[in-house]
Colleague: 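What follows is a structure written as structure tokens; I'll ask about it next.
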Amino acid sequence: MGAAATFNRDIKIAPSILSADFANFGAECRAIEEQGCDWVHVDVMDGHFVPNITFGPQTCKAIRPHVKTVMDVHLMIAPVDAYIDAFAEAGADILTAHVEAGPHLDRTLQAIRSAGCRVGVALNPATPADAVAHVLDRIDLVCVMTVNPGFGGQSFIHAMVDKVVRLRGMIGDRPIHIEIDGGVTPETAPLVSAAGADVLVAGSAVFKGGSVENQSVYGDNIRAIRNAAQSAQGGAQSAA
Ligand code: DX5
Ligand code: ZN
């Protein structure tokens, strides 16, 4: 399973099931994996940390048998610590908590590691890259929100590209993924891959126009994002 995967900076496409058919998560997860996605991104929202509610650990547990790749669980909840074990037991491979979710980020990240998951930390658009400077040796992934979290289908915030460049420099040789979440399309993907990102979450840009019955569209959409990202990968770094 993905938890033991070898680290690399190849472009990975992680469709967000926030844009899938909520009455058919199992089939939707099988369809996007059949169509070539790398990870499955699961957006958990609590109606408190973000102004929207999705689902909790029971739904993640129900989805788990349908995900053969990596179940990448993005927790947009506060408080978060009390729920980490439940999401780990539900089968999350990666658990990502927000810097802004509580006062004790280091404790939260230790709890995720202790629960047996890979450790992610997410930054809202207004939170600077420096917020993770002192936890870099605790994490496997940093998620740069390129929209204000809560809803799919929002526009990419271009000022976040500079944050990705800064994080890439801070990370150096550490085996830490840079994940982009929000407004990723074939047009915006090259901007962030050139800046150093390797994991691209995409909800509307993967699911638009397709369905479980017409799933080749998902494949077309995934390929379009991947090709655009790959063609620009590392561009900003080699230019720097
Ligand atoms: C936003 C979520 C994202 C989002 C991505 O709060 O974390 O995963 O749904 O959706 P798109 O790709 O449609 O911006
Ligand atoms: Zn997300």
Side-chain angles (χ1 to χ4, degrees), residues 11-22 25 28-29 32 37-56 59-60 63 67 69-78 80 83 87 92-101 112 117-127 140-161 163-164 177-193 197-210 217-218 220-222 224-226 228-229:
I11 295 294
K12 288 162 279 291
I13 308 296
S16 165
I17 60 167
L18 188 60
S19 295
D21 176 358
F22 270 45
F25 277 142
E28 292 275 38
C29 289
I32 52 177
C37 79
D38 300 280
W39 296 1
V40 174
H41 186 83
V42 180
D43 283 311
V44 176
M45 303 185 185
D46 66 352
H48 170 73
F49 181 72
V50 290
N52 192 9
I53 299 175
T54 55
F55 43 74
T59 307
C60 292
I63 292 168
V67 175
T69 57
V70 172
M71 190 155 121
D72 172 33
V73 178
H74 178 190
L75 298 176
M76 287 162 275
I77 64 175
V80 60
Y83 302 98
F87 284 100
D93 292 306
I94 303 172
L95 266 185
T96 296
H98 269 260
V99 167
E100 309 85 2
I112 295 173
C117 298
R118 279 191 272 167
V119 182
V121 63
L123 300 169
N124 279 338
T127 303
D140 302 297
L141 176 147
V142 56
C143 174
V144 179
M145 293 306 304
T146 41
V147 298
N148 288 292
F151 304 96
Q154 303 181 81
S155 296
F156 181 87
I157 300 172
H158 284 262
M160 297 302 104
V161 174
K163 192 190 291 188
V164 176
H177 297 290
I178 299 181
E179 177 176 72
I180 305 300
D181 192 356
V184 171
T185 65
E187 289 69 44
T188 56
L191 306 176
V192 288
S193 66
D198 62 302
V199 184
L200 305 183
V201 175
S204 38
V206 166
F207 286 94
K208 70 163 189 213
V217 174
Y218 296 163
D220 295 342
N221 292 340
I222 290 168
I225 299 166
R226 190 193 304 281

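Numbering of residues begins at 1 and proceeds along the displayed sequence. Atoms within each ligand, like the ligands themselves, are counted from 1 in listed order. Predicted model only: the values in this text are computed from it and were never measured.
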Colleague: I need the atoms of ligand 1 closer than 4.0 Å to a non-hydrogen atom of Met76, numbered in the order shown.
Modeller: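 Checking each atom against Met76, I get 6 (O), 7 (O).
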Colleague: Between ligand 1 and Met145, is the shortest N or O to N or O distance under 3.5 Å?
Modeller: no
Colleague: Below the 3.5 angstrom mark, is there an N/O of Gly150, backbone or side chain, next to an N/O of ligand 1?
Modeller: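 Yes; at least one N/O pair falls below 3.5 Å.
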Colleague: Would you confirm whether Thr96, through its side chain, and His74, through its main-chain N or O, come within 3.5 Å as a donor-acceptor pair?
Modeller: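 The answer is no, because no donor-acceptor pair under 3.5 Å joins these two groups.
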Colleague: Look at atom 9 (O) of ligand 1 and say which protein heavy atom is nearest, naming residue and atom and giving the distance to 0.1 Å.
Modeller: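 Ranked first by proximity to atom 9 (O) of ligand 1 is Leu18 CD2, 2.9 Å.
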Colleague: Provide the number and element of each atom of ligand 1 under 4.0 Å from a heavy atom of His41.
Modeller: 8 (O)
Colleague: In ligand 1, which numbered atoms sit nearer than 4.0 Å to a non-hydrogen atom of Pro149?
Modeller: 6 (O)
Colleague: Distance under 4.0 Å to a non-hydrogen atom of Val201: what atoms of ligand 1 satisfy this?
Modeller: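 It comes down to these atoms of ligand 1: 8 (O).
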Colleague: Is Phe151 near ligand 1, meaning one of its heavy atoms is under 4.0 Å from it?
Modeller: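 So Phe151 counts as touching ligand 1.
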Colleague: What about Gly203: any of its N or O atoms under 3.5 Å from an N or O on ligand 1?
Modeller: yes
Colleague: Can you list the atoms of ligand 1 that are under 4.0 Å from a heavy atom of Ala202?
Modeller: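 So the answer, numbered in order with elements, is 12 (O).
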Colleague: Taking a cutoff of less than 4.0 Å between a non-hydrogen atom of the residue and any ligand atom, is Gly182 in contact with ligand 1?
Modeller: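 In this structure, Gly182 qualifies as a contact of ligand 1 - some heavy atom is under 4.0 Å.
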Colleague: Looking at Ala197 and Val164, what are the two nearest heavy atoms and their distance?
Modeller: N-CG1, 3.9 Å
Colleague: How many angstroms lie between CE in Met76 and CG in Asn124, if you round to the nearest 0.5 Å?
Modeller: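 Going from CE on Met76 over to CG on Asn124, the span is 9.5 Å.
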Colleague: Nearest 0.5 Å please: distance from the CG atom of Asn148 over to the CD atom of Gln154.
Modeller: 6.5 Å
Colleague: Measure the acute angle between the ring planes of Phe22 and Phe25, then classify it against the limits of 30° and 60° as parallel, tilted or perpendicular.
Modeller: tilted
Colleague: Roughly how far apart are Arg118 CZ and Ile112 CD1, rounded to 0.5 Å?
Modeller: 13.0 Å
Colleague: Going by distance alone, is a donor N or O of one side chain under 3.5 Å from an acceptor N or O of the other, for Asp43 and His41?
Modeller: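 On atom types as modelled, these side chains qualify, holding a pair under 3.5 Å.
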Colleague: Regarding ligand 1, does Ser204 bring an N or O atom to under 3.5 Å of one of the ligand's N or O atoms?
Modeller: yes
Colleague: Would you say the side-chain atoms of Lys163 pair up with the backbone N or O of Thr127, donor to acceptor, closer than 3.5 Å?
Modeller: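 Present.
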Colleague: Pick from Asn221, Leu200, Ile13: which one makes a side chain to side chain contact (heavy atoms under 4.5 Å, CB included) with Arg226?
Modeller: Ile13
Colleague: For atom 14 (O) of ligand 1, which protein heavy atom lies nearest, and how many Å away is it?
Modeller: Gly183 N, 2.8 Å
Colleague: Less than 2.8 Å from the Zn ion (ligand 2) is the window; count the protein N, O or S atoms in it.
Modeller: 4
Colleague: Checking the N or O distance criterion of under 3.5 Å, is ligand 1 in contact with Met45?
Modeller: no
Colleague: Below 4.0 angstrom from a heavy atom of Ser16, which ligand 1 atoms are there? Numbered from 1 as shown, please.
Modeller: 8 (O), 9 (O)
Colleague: Starting from atom 5 (C) of ligand 1, find the nearest protein heavy-atom neighbour and note its residue, name and distance.
Modeller: Asp181 OD1, 3.6 Å
Colleague: Between Thr146 (side chain only) and Ile157 (backbone N and O only), is there a donor and an acceptor less than 3.5 Å apart?
Modeller: no
Colleague: Quick one: does Asp43 get an N or O within less than 3.5 Å of an N or O on ligand 1?
Modeller: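 Right, the criterion is met.
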Colleague: Can you tell me if Glu179 uses its side chain to pair, donor with acceptor, with the backbone of Leu141 under 3.5 Å?
Modeller: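 No; judged by distance alone, with no hydrogens or angles, the pair does not exist.
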Colleague: When rounded to the nearest 0.5 angstrom, what distance separates CD1 in Ile222 from SG in Cys37?
Modeller: 5.0 Å
Colleague: Of all the atoms in ligand 1, which lie at a distance below 4.0 Å from a heavy atom belonging to His74?
Modeller: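 Near His74, the atoms of ligand 1 are 7 (O).
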Colleague: Just jot down the ligand 1 atoms closer than 4.0 angstrom to any heavy atom of Gly153, in number order.
Modeller: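 Near Gly153, meaning under 4.0 Å from one of its heavy atoms, ligand 1 has 11 (P), 13 (O), 14 (O).
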Colleague: Looking at Asp93 and Asp72, would you say the former's side chain and the latter's main chain have a donor-acceptor pair under 3.5 Å?
Modeller: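 No, the answer is negative, given that no donor and acceptor are paired below the 3.5 Å cut-off.
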Colleague: To the nearest 0.5 Å, tell me how far Ile180 CD1 sits from Thr188 OG1.
Modeller: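 These two atoms lie 9.5 Å from each other.
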Colleague: Ignoring hydrogens and angles, tell me if any N or O in the side chain of Ser16 forms a donor-acceptor pair with the backbone of Gly203 under 3.5 Å.
Modeller: no
Colleague: Considering only protein heavy atoms, which is closest to atom 10 (O) of ligand 1, and at what distance to one decimal place?
Modeller: Gly152 CA, 3.6 Å
Colleague: In Å and rounded to the nearest 0.5 Å, what is the NE2 to CG distance from His48 to Asp46?
Modeller: 6.0 Å
